[in-house]
Amino acid sequence: MSDRPLRFRFAPSPTGFFHVGGARTALYNWALALRTGGTFVLRIEDTDEARNRPEWTQGIIDALAWIGVRADDPHFEGPYFQSRYAAEHIAAAQRLYKSGHAYYCDLTGEQIQERAKAAGAQGYDNHSRDRGLGPAPGHALRFRVPDGTTVVTDLVRGDVSFDNANIEDFVLLRSNGTPVFLLANVVDDITMRISHVVRAEEHLPNTPKQQMLFEALGDEVPVWAHVPVLVNEQRKKLSKRRDKVAVEQYRDEGIVADAMVNYLMTLGWAPRGDTEIVPWTTVVDQFRLEDVTHSPAFFDIKKLTAFNGEYIRALPVDDFVAAAQPFLAADDVPWPCERFDPALFEQVAPLVQERVGRLDEVPGYVDFLFLPDAPIDDAAFTKVMDAPKSLDILADVIAAYDTVAWHADALKDVALAVGEQHGLKLGKAQAPIRVAVTGRTVGPPLFESLVLLGRDEVLRRLRAALGRAGGAQSE
RNA sequence: GCCCCCAUCGUCUAGUGGCCUAGGACACCACCCUUUCAAGGUGGCGGCACGGGUUCGAAUCCCGUUGGGGGUGCCA
C-alpha cells in the first residue's frame, strides 16, 4: 500500500432524504477519517433531480451534521458535485479509446437483444470489439474487458475474484456522448485522490469493472471495503417505500443523535467488551473495517429506542429540558401554547426524563399541567371510578386536601391514611386521584405532580371528577 | 440464466482450532423494589442451517446441500 494521504469518500445518492444505511456508512468513513487523521470527502451524485433541488443536498449536510459529521470540521471536505468533472469524464474515456482500452460500438439495445436471443445467450456479446468503428453520432464507447481474472481485495471480505469472461464490455460513453455513472465515479475518485472506498455491499459486483478502469487509466486502485446492507424484517434491503428509513424522521420523533450514532455503529460491528453503549470517542478508537460483520443487519427500532432511553436518562437535566424544547413548542402540542409554563416543566422534567424512550413522548407526560382541564381518558376513568371505594376516597381526599400542608409527603400521607380507612393500599388508593387530576392511570409520580399543579386546581379537578363519576353512577 | 456475497439465541452481536457446558445487548417471561408507569436489581427462556470431511480436538478450516440477499442498463 502506498503512503498517500488517507481520503475517505462518502457519496450518497440524493433522493430527498437521508437514508439510515447511508448514515451508517458515513459514520464508518467519519470514524476512520478521525482516527487516521484523514479526510472525509462528501461527494454528491449528480442527478437532474439533485441539480434542481439544492435543498436535497442541504438536507444531507444537515443530517450529517446531526449525527456529528460536521461540515465545519477540518476533517470534512465538500460537498462536491460530480457534474463539476463532466469534461474530465469524457476526456478519460477518450484516453481509454486512444490507448486501445475502449472501442466504439453501433449496436442499439434492441440489436443487442436480438443477437443474444439468436445465440441463446444473455447480454452484449462483444460483437463490435474488432470492427474498428470510430467515434460517430450513435456510437457508444465500450470498455474492452481484458482476459483473465480480476481480484478485488476488500478490507471487509478479503479477496473476491471475478472471472473476466463473465463481465461483458460495458459502456463508458453513451451514444449521445455522455459518460456513465461507473466511469464518472472512477474518474472522480482519481481526481479527488480517494484512498478508501467504503460503501454498501450492493456495489461489490460492479467493483471489478471499476478496478479495471483504475488500472486502464494507470491509476492506483483504492482500498475497497464493502459493508453489509441494512435490511427490514423481510430481510430485504431497506427501501423508502416499504420502510422507515429517513434519519430526519427519527430525529423528528425524538431520537437523540448520540443514541442514533451509537445504535447505527452496532449494526455490523461491536465495540469491545460487554457493553454496546459507548461514547463516540471509543468508537473512533476501536472501529476497524476488518472487524465489520459480513452479513446484513436488521434495523431494530425497539433496540434503537432502548438505546435512546438510556441516552436520554444519562443527560444532565438542563440538557434534557433543552432537548425536549422543540417537542414542547411543536404545532401539534395538546395544550394551548400560551398556557405552557417553562418553569413548571423544568420542575417535572427529572420525573419525565427517566420515563421516556423518545423525546416525542414528553408532551403526553406533562399535558395535564398545561391543559385547562384534566385530559380524561374515558375508558380509564370509568374503570377506576367503578372500582369499590373510589368515590369515597375522592370525597375524603378533597376534604383533607383543602387544608393540608401543600407538599408531596403530606399529600401522600393523606392518601395513605384515606386508603387505609377504606382498606386499600396506596397503590390502589392513588388511582382515583391520579385519574381525576391527570386524566390517566399512568404518568409521573402523583403527589409531586399535584404539588406542581397547585391546591386550587387539584381540588377543582377532584371535585369535577367526583361530580362526573357520581352523575354517571346515578344514571 | 450467469456472476458475487452471506449463514451463531426472535433481533444485533462476541467468538479467528482447545479458555465454549457458546458470552453480552435488545425483546420476551418471572420475581424484587415501588405511589401508577417507567427506571433499577435478580433470575429465566432461547442459538452455532444441514450433510460430509480435515484434526487428538471444529461455532471456528475444507467441500457440498439448502436457504437468504445483491448484481447483471446507452439508471444513479
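Naming convention: chains lettered A, B, ... in sequence-line order (proteins, then strands); numbering from 1 in each chain. Computation of the quantities below employed the complete heavy-atom set of this structure, encompassing side-chain atoms and omitting hydrogens, waters and symmetry-equivalent molecules.
Counting non-hydrogen atoms under 4.0 angstrom, A/Thr305 reaches nothing in the nucleic acid. Residue A/Pro228 is out of contact with every strand shown, counting any heavy-atom pair closer than 4.0 Å. Using a 4.0 Å heavy-atom cutoff across all strands shown, A/Leu446 reaches at least one base atom of the nucleic acid. Residue-level contact check: A/Phe298 touches the backbone only, with heavy atoms under 4.0 Å from sugar-phosphate atoms and none from bases. Using a 4.0 Å heavy-atom cutoff across all strands shown, A/Arg440 reaches no nucleic acid atom at all.
Looking at A/Arg468 and A/Asp378, a side-chain N of the basic residue comes within less than 4.0 Å of a carboxylate O on the acidic one, giving a salt bridge. A/Asp285 and A/Arg272 are not joined by a salt bridge, as no carboxylate oxygen comes within less than 4.0 angstrom of a charged side-chain nitrogen. Looking at A/Asp243 and A/Lys236, no side-chain N of the basic residue comes within less than 4.0 Å of a carboxylate O on the acidic one, giving no salt bridge. Salt bridge present: A/Asp106 and A/Arg131 bring a charged side-chain N and a carboxylate O closer than 4.0 Å.
B/rC37 atom P lies 16 Å from atom CZ of A/Phe368, rounded to whole Å. The distance between atom CG of A/Asn308 and atom P of B/rC12, rounded to the nearest whole Å, is 20 Å. Here B/rU36 presents its C1' atom at 17 Å from CZ of A/Phe381, a figure rounded to the nearest Å. A straight line from CG of A/Leu351 to P of B/rU36 spans 14 Å, rounded to a whole angstrom. The distance from atom CG of A/Leu204 to atom C1' of B/rC4 is 6 Å, rounded to the nearest whole Å. As rounded to whole Å, 15 Å separates atom P of B/rU11 from atom CD of A/Glu276. In this structure, A/Leu411 atom CG and B/rU36 atom C1' are separated by 16 Å, rounded to whole Å. The interatomic distance linking A/Tyr263 (OH) with B/rG24 (P) rounds to 20 Å, in whole Å.
Annotation: B/rC61 and B/rU55 have their C1' atoms spaced 10 Å apart (nearest Å). Remark: the separation of the P atoms in B/rU8 and B/rC12 is 8 Å, to the nearest Å. Taking atom C1' in both B/rU13 and B/rC32, the straight-line distance is 30 Å, to the nearest Å. The separation of B/rC29 from B/rA39, taken at their P atoms, amounts to 12 Å, rounded to a whole angstrom. B/rG10 and B/rC48 are spaced 16 Å apart, taking the C1' atom of each and rounding to whole Å. Straight-line distance between the C1' atoms of B/rG23 and B/rG15: roughly 9 Å, to the nearest whole Å. Spacing between B/rC45 and B/rA25 at atom C1', rounded to whole Å, works out to 16 Å. Annotation: B/rC37 and B/rC31 have their P atoms spaced 13 Å apart (nearest Å).
By the 6.0 Å and 45° rule, A/Arg355 does not stack over the aromatic ring of A/Tyr365. Note that A/Lys412 lies outside the cation-pi zone of A/Phe447, set by a 6.0 Å cut-off to the ring centre and a 45° limit from the axis. Geometrically, A/Lys209 does not engage A/Phe143 in a cation-pi contact, judged by NZ or CZ lying under 6.0 Å from the ring centre and within 45° of the ring axis.
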Is there any protein nitrogen or oxygen under 3.5 Å from a nitrogen or oxygen in nucleotides 39-46 of chain B, and what are the pairs?
residue : atom : partner  : partner atom : Å
B/rA39  : O3'  : A/Arg313 : NH1          : 3.2

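Toward the 5' end of RNA chain B, the nearer of the two residues A/Glu448 and A/Ala270, judged by each one's closest nucleotide, is A/Ala270. Judged by closest nucleotide on RNA chain B, A/Thr266 is the one of A/Thr266 and A/Tyr365 placed further toward the 5' end.
Using a 3.5 Å distance cut-off with no hydrogens or angles, the side chains of A/Thr153 and A/Asp159 do pair a donor with an acceptor. Residues A/Trp224 and A/Gln210 have side chains that never bring a donor and an acceptor to within less than 3.5 angstrom of each other. Checking A/Arg434 against A/Thr438 by side-chain atom types alone, no donor-acceptor pair falls below 3.5 Å. Between the side chains of A/His196 and A/Asn29, no donor-acceptor pair is found at a separation under 3.5 Å.
Between A/Tyr250 and A/Tyr263, the ring center distance fails the sub-6.0 Å criterion.
B/rG40 and B/rC32 make up a base pair, with Watson-Crick or G-U wobble contacts both under 3.5 Å. Remark: B/rC56 base-pairs with B/rG18; criterion is Watson-Crick or G-U wobble with both hydrogen-bond distances under 3.5 Å. Pairing of B/rG1, defined by two Watson-Crick or G-U wobble distances under 3.5 Å, is identified with B/rU72. The partner of B/rC26 is B/rG10, by the rule that a Watson-Crick or G-U pair needs both atom distances under 3.5 Å.
In this structure the side chain of A/Asp188 never reaches within 4.5 angstrom of the side chain of A/Glu45, judged on heavy atoms.
Applying the 4.0 Å criterion to OP1 and OP2 of B/rC5, one finds that A/His294 has every side-chain N and O outside that range. Applying the 4.0 Å criterion to OP1 and OP2 of B/rU35, one finds that A/Lys412 has a side-chain N or O inside that range.
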Sequence-aligned protein contact record of nucleotides 65-76 of chain B, with B where the base is within under 4.0 Å of a protein heavy atom and S where only the sugar-phosphate is: ---SSBSSSBSB
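Partner A/His294 forms a side chain to side chain contact (heavy atoms under 4.5 Å, CB included) with one of A/His226, A/Arg157, A/Glu201 and no other, that one being A/Arg157.
Near RNA chain B, meaning a heavy atom under 4.0 Å away, the residues from residues 421-431 of chain A are A/Leu426, A/Gln430.
For a distance-only test at 3.5 Å, the side chain of A/Lys303 qualifies as a donor-acceptor partner of the base of B/rC12.
Out of B/rA27, B/rC3, B/rC5, the shortest distance to the side chain of A/Phe162 is found at B/rC3.
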